[in-house]
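To find a chain, count down the sequence lines: A is the first, B the second, and so on, and within it residues start at 1.
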2 protein chains.
Amino acid sequence: MTVADRKTAIMEAAARVIARRGVRGLRVEELAAEAGVSTALIYYHFKDRAGILRRTLEFINDRAAHYTTDRAPDAAPLDPREELEQTLLLELQDVDVVRENSAAWGELRATAMFEPELRDALAEATRVWVREVAALLGDLRPTAAAAALTVAAERLTALVEGVSMRWLSGTLPLERARELTRDAIEAELERLGGP
Amino acid sequence: MTVADRKTAIMEAAARVIARRGVRGLRVEELAAEAGVSTALIYYHFKDRAGILRRTLEFINDRAAHYTTDRAPDAAPLDPREELEQTLLLELQDVDVVRENSAAWGELRATAMFEPELRDALAEATRVWVREVAALLGDLRPTAAAAALTVAAERLTALVEGVSMRWLSGTLPLERARELTRDAIEAELERLGGP
DNA sequence: GTCTATATCAGGATAGAC
DNA sequence: GTCTATCCTGATATAGAC
């Protein structure tokens, strides 16, 4: 295993531990055990606890970008509507990597309320996501104004974050969360001009 | 100052400290200083750290219930539409108590992902809120089906939580958060049957 | 680069006086 | 009920060998 692989393995482990215990519950010792390395090595590579969190946020963002766009090479291309649903509903699946990402994402957003140094990365990731959703909406409603698309995308992504929190905190069943999201997509598309 | 008053003062202080530092950042010592008492007294009244959190969640729920319904006795009665906007937008105001409540609420929801003992109180509070919003929607759209009202209320309240998180984590300006919420109310009302 | 061992210290919790 | 003083655990972080 190369050094780069090992660093990646540590960040994968960090995502798992954060999903399991939260940012608050992340213990460097537990992370070390999860990754099968010593605590000293973690500090060697990531400097300190804040460094672990920062790098893990980046890692999660990258991974989300990939599971959003990576598709089997032989799969039929998605139509825009399917792609839009995918993009939003992907955050709401009971699949390890996704659940980890969503949980870690929620945690990191919550943490960012009190740690300004996470804010920039968070704001940027949000911006990218909103832009992506707005673009997909634009494909489906080419005549809609750019501002209207952005507002709709902000509402949809904020809703997904909201229902995701409820899902992960056990307040809302997953299927219900997905249903609310699907309906909201429907509603926004109607709002942007009927089909 | 009576004992009951003192306990209330401690919980008010807890809400302030949680809003400022987060659940993870809550130090019993800082709480004690904020409330002007000793740490020993906190433990005397609340047993342990978990007890502080549990009681504080109850406290902010009660307080939110009151600032939602308390109104100057001489004020003109709100019409249902205003009342609906109030109920949802009240969580999005740059007023100390509200900001505290919203921040603490977001924190506690995030914490509940990993601490099952907070879940019940959280789920119950959410249920009450959804029911309240659904009832207000029902006043405005008496012909709508109950299930449709509930779904709309779930979407709206989840959206408010989502934009609230973004607001408090510095990703979205307050005015924008309010605007998105207002538009969403508009959209849900249209969806439930035009005015 | 990676480990074992350990320093350091913050903060939760309690004892005991008043 | 409330305080002062203190204990002690658990977690971050580092020293130094390999």
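The nearest whole Å value for the distance from the NE2 atom in B:His45 to the C1' atom in C:dT14 is 16 Å. Separating the CD atom of B:Glu30 from the P atom of C:dA10 is a distance of 15 Å, rounded to the nearest angstrom. Residue A:Tyr44 contributes atom OH, which lies 15 Å from atom P of D:dA15 at whole-angstrom precision. Atom pair B:Leu26:CG and C:dA10:C1' shows a separation of 14 Å (rounding to whole Å applied). The OH-P distance, from A:Tyr43 to D:dT12, rounds to 5 Å in whole Å. One interatomic measurement links the two molecules: NZ of B:Lys47 to C1' of D:dG1, which rounds to 18 Å at whole-angstrom precision. As rounded to whole Å, 14 Å separates atom C1' of C:dT14 from atom CD of B:Glu29. The nearest whole Å value for the distance from the CZ atom in A:Arg49 to the P atom in C:dC9 is 19 Å.
Note on B:Ile42: nothing from the nucleic acid sits closer than 4.0 angstrom, heavy atoms only.
Considering all non-hydrogen atoms of both residues, B:Thr150 and A:Arg176 come closest at CG2-NH2, 4.0 Å.
With distances taken from any side-chain atom of B:Arg27 to the nucleotides D:dT14, C:dG11, C:dA13, the minimum falls on C:dG11. When distances run from any side-chain atom of A:Ser38 to the nucleotides D:dT12, C:dG1, C:dT4, the shortest one goes to C:dT4. When distances are taken from the side chain of B:Arg6 to each of C:dC3, C:dA13, D:dT2, the shortest belongs to D:dT2. For A:Val37, the side-chain atoms get nearest to C:dC3 when compared with the rest of D:dA5, C:dC3, D:dC3. Counting only heavy atoms from C-beta on, A:Ala40 has its side chain closest to C:dT4 among D:dT2, C:dT4, C:dT2. Comparing D:dT2, C:dG1, D:dT12 by their nearest atom to the side chain of A:Leu41 picks out C:dG1. The listed nucleotides are C:dG12, D:dG1, D:dA13; the one nearest the side chain of B:Val3 is D:dG1.
Transitive grouping of hydrophobic side chains (ILVMFWY, heavy atoms separated by less than 4.5 Å) brings A:Met11 and A:Leu108 into a common cluster.
The stretch residues 8-19 of chain A does not touch DNA chain C, since none of its heavy atoms comes less than 4.0 Å from the strand.
Residues A:Glu91 and A:Trp105 bring no donor and acceptor atom of their side chains to less than 3.5 Å of each other. Looking only at atom types and distance, the side chain of A:Arg109 has a donor-acceptor partner in the side chain of B:Thr171 under 3.5 Å away.
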Evaluate the side-chain hydrogen bond (donor to acceptor under 3.5 Å, both in side chains) criterion for residues B:Arg155 and A:Thr181: first the C-alpha distance (whole Å), next the side-chain angles of each, then the deciding distance (0.1 Å), finally the verdict.
CA-CA 8 Å; B:Arg155 270 200 301 263; A:Thr181 303; over 6 Å; no
Would you sort out whether B:Arg24 and A:Thr111 count as a side-chain hydrogen bond (donor to acceptor under 3.5 Å, both in side chains), showing the intermediate values?
CA-CA 9 Å; B:Arg24 183 172 200 265; A:Thr111 305; over 6 Å; no
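Remark: the backbone N or O of B:Arg27 is not paired with any side-chain donor or acceptor of B:Arg21 at under 3.5 angstrom.
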